[in-house]
Amino acid sequence: MSSISPESLLDVELHPGRPPMLQAAATGDAPGWAAGHRDALRGVVAEHGAVLVRGLGLRDVAEVRAVFERLSTGLMAEREAFAPRRIYADGVYSSAQWPPNQPMCMHHELSYTLEFPGLMMFACLTAPTQGGATGVADAATVLEALPTELTERFEREGWLLTRSYNDEIGSSVIEAFGTDERSAVESYCRANAIEFEWQPDGALRTRQRRSAVVRHPVTGRRCWFNQVAFLNEWTLAPEVREYLIEVYGAEGLPFNTRFGGGDPIGEDVVQLLNEVYEANTAREPWQAGDLMLVDNIRTAHSREPFEGSRDVLVAMADPVRLSDCSPTVEVTGR
């Protein structure tokens with residue numbers, strides 16, 4: 001494997017409003033190119049938080065998986081998913097199954113778990129005819145742009161994620177935990193600091209409190225790291241929110257977020273968060289064959305509404321423990 005410094009990748013393009021981009025010449029061997037440029041690519045991600053690689057010509061699942069494996073220290077199996085995914089291969093998934101006309105707002109993948117991916121990898125096999133970009137936003141910049149009073153409250157209290165599992169909306173119990181055996185689900189919840197309650201109809205409800213601000217384990221920079229806005233009821237389209245409340249009740253929404261002390265998060269706060277994200281979003285339309293690497297702690301990502309067919313493969317890699325990120329709210333499994 002050749003050793004190439006990030007500085008030697010002179011064709012990394014930096015433009016306002018777009019993620020860092022690199023034109024690759026893979027010469028028909030994308031896995032080989034990825035192996036030879038692994039250290040340099042990871043250096044670019046460390047420096048800029050994300051990079052979009054164009055020109056690899058990625059064609060199928062096997063090739064994408066080989067590229068993912070060469071660029072990471074290990075692919076992760078997803079647990080506690082908020083929406084179903086198709087599993088293509090061990091550690092290789094589809095994008096979360098989310099209505100194409102609805103945005104997936106900025107978030108950090110699995111930020112509500114005790115162990116989450118340090119690196120997200122995306123590969124586009126089929127680009128949509130319109131929209132569907134995976135936007136990115138720098139978490140430290142977002143934190144600095146938010147009102148101090150608000151971020152200080154979240155630092156003191158953390159954020160609370162509530163979930164109600166069913167077989168119609170969001171992930172089912174078996175999709176989230178890999179099993180629907182009650183004892184196994186309960187053991188997982190206890191080990192991962194998740195409060196749980198089985199409803200009379202057999203449905204599961206959970207609560208978990210996490211830090212909203214963490215420090216990057218390598219750089220030490222403070223990052224706005226959570227899914228407070230994305231998983232909040234006020235981010236849903238009004239007609240979707242009204243329908244879900246009518247069917248499941250206000251306490252039975254598939255997911256919702258609160259301040260860590262339990263107080264509701266108002267629509268005004270969610271709107272502010274999404275406005276700050278939007279002001280700091282970089283985006284580039286997908287082209288078939290593209291690869292994107294994202295530092296999941298430093299950089300939030302989103303998925304914009306789209307039209308047409310969109311096939312973007314996803315891998316979560318390089319696991320990081322929350323306890324290694326100086327959380328402001330202490331939680332421990334048992």
Side-chain angles (χ1 to χ4, degrees), residues 17-24 26 30 34 50-68 71-72 75-76 78 81-110 117 119-137 168-172 175 227 229-231 235-237 239-240 254-255 274 277-278 281-296 299-317:
R18 301 170 68 189
M21 294 182 61
L22 169 65
Q23 296 289 336
V51 63
L52 177 67
V53 182
R54 180 155 288 167
L56 287 179
L58 299 171
R59 296 161 296 186
D60 54 43
V61 173
E63 186 175 41
V64 168
R65 183 186 184 192
V67 169
F68 285 169
L71 293 176
S72 69
L75 304 185
M76 298 175 61
E78 185 178 34
F82 64 85
R85 298 181 189 270
R86 176 182 173 187
I87 302 174
Y88 285 98
D90 289 345
V92 180
Y93 300 88
S94 70
S95 297
Q97 296 174 15
W98 200 258
N101 64 334
Q102 298 292 322
M104 295 176 65
C105 298
M106 282 290 175
H107 61 284
H108 299 261
E109 203 71 32
L110 300 180
L119 179 69
M120 294 296 296
M121 296 182 286
F122 305 89
C124 180
L125 295 183
T126 304
T129 55
Q130 184 174 335
T134 298
V136 292
E168 298 175 351
I169 303 293
S171 288
S172 66
E175 287 167 336
Q227 281 160 256
F230 177 35
L231 296 180
T235 293
L236 296 170
E239 65 275 12
V240 175
F255 38 75
N274 285 327
Y277 275 132
E278 177 59 30
T281 293
R283 54 173 60 85
E284 171 70 16
W286 283 111
Q287 292 184 14
D290 283 352
L291 170 74
M292 178 181 272
L293 307 181
V294 176
D295 180 327
N296 186 46
T299 306
H301 67 275
S302 64
R303 191 224 68 192
E304 300 182 353
F306 66 91
E307 296 178 5
S309 178
R310 180 184 188 272
D311 190 8
V312 175
L313 274 57
V314 178
M316 300 161 230

Q. Would you find a donor on one side and an acceptor on the other, under 3.5 Å apart, between the side chain of T299 and the backbone of V294?
A. no
Q) Looking only at atom types and distance, does a side-chain atom of N296 sit under 3.5 Å from a main-chain N or O of L119, one as donor and one as acceptor? A) no
Q) Under a 4.5 Å cut-off applied to non-hydrogen side-chain atoms, are S94 and Y88 in contact? A) yes
Q) So, do M21 and V51 sit near enough that their side-chain heavy atoms are less than 4.5 Å apart? A) no
Q.
Rounded at 0.5 Å granularity, tell me how far OG in S95 sits from CG in L313.
A. 7.5 Å
Q: Report the C-alpha distance between S302 and M106 in whole Å, list the side-chain angles of each, state the deciding distance to 0.1 Å, and finish with yes or no for side-chain contact (heavy atoms from CB on, under 4.5 Å).
A: CA-CA 4 Å; S302 64; M106 282 290 175; 3.5 Å; yes
Q) Excluding sequence neighbours, so at least two apart, what forms side-chain contact (heavy atoms from CB on, under 4.5 Å) with L236? A) V240, R241, L244
Would you give me the side-chain donor-acceptor pairs under 3.5 Å for residues 53-62, sequence neighbours excluded?
| residue | atom | partner | partner atom | Å |
| --- | --- | --- | --- | --- |
| R54 | NE | D290 | OD1 | 3.0 |
| R54 | NE | D290 | OD2 | 3.2 |
| R54 | NH1 | E284 | OE2 | 3.0 |
| R54 | NH2 | P285 | O | 3.0 |
| R54 | NH2 | D290 | OD2 | 2.6 |
| R59 | NE | E63 | OE1 | 3.3 |
| R59 | NH2 | E63 | OE2 | 3.0 |
| D60 | OD1 | A62 | N | 3.3 |
| D60 | OD1 | E63 | N | 2.8 |

Q: Mind checking the CG-OG spacing from L293 to S72? Nearest 0.5 Å is all I need.
A: 10.0 Å
Q. Between L110 and E78, is a side-chain contact (heavy atoms from CB on, under 4.5 Å) present by the stated rule, with each step listed?
A. CA-CA 9 Å; L110 300 180; E78 185 178 34; 4.1 Å; yes
(Q) The test is side-chain contact (heavy atoms from CB on, under 4.5 Å); show your working for L71 and L291 and say whether it passes. (A) CA-CA 11 Å; L71 293 176; L291 170 74; 3.8 Å; yes
Q: Using atom types as modelled and distance alone, determine if a side-chain donor or acceptor of T235 lies under 3.5 Å from a backbone N or O of A229.
A: yes
Q. Roughly how far, to the nearest 0.5 Å, is OG1 of T126 from CH2 of W286?
A. 12.5 Å
Q) So, the side chain of Q102 versus the backbone of P99: is there a donor-acceptor pair under 3.5 Å, distance only? A) no
Q | Side chain to side chain, R65 and D90, heavy atoms closer than 4.5 Å | A | yes
Q. Looking only at heavy atoms, what is the nearest atom pair of S171 and P84, with distance?
A. OG-N, 3.6 Å
Q: For S309, check side-chain hydrogen bond (donor to acceptor under 3.5 Å, both in side chains) against everything at least two apart and list the hits.
A: none
Q. Does the side chain of F255 come within less than 4.5 Å of Q227's, by heavy atoms?
A. no
Q: Hey, could you give me each pair passing salt bridge (charged side-chain N to carboxylate O under 4.0 Å, His left out) that has a residue in residues 299-317? Not counting sequence neighbours.
A: R283-E304
Q | With A83 via side-chain contact (heavy atoms from CB on, under 4.5 Å) - residues at least two apart | A | A96, W98
Q | Side-chain heavy-atom pair M120, V314 within 4.5 angstrom cut-off | A | yes
Q | Residue pair L75 / A317: nearest heavy atoms and the distance that separates them | A | CD2-CB, 4.1 Å
Q. Quick one: are V92 and F68 in side-chain contact, heavy atoms under 4.5 Å?
A. yes
Q: Quick one: list whatever passes side-chain hydrogen bond (donor to acceptor under 3.5 Å, both in side chains) with H107, sequence neighbours left out.
A: E109, H301
Q. Taking only residues two or more places apart in sequence, or in another chain, which ones meet P305 in a side-chain contact (heavy atoms from CB on, under 4.5 Å)?
A. P103
**Q.** L125 and V64, any side-chain heavy atoms less than 4.5 Å apart
**A.** yes
Q: Give the C-alpha distance, both sets of side-chain angles, the deciding distance and a yes or no for side-chain contact (heavy atoms from CB on, under 4.5 Å) between Y93 and M316.
A: CA-CA 9 Å; Y93 300 88; M316 300 161 230; 4.2 Å; yes
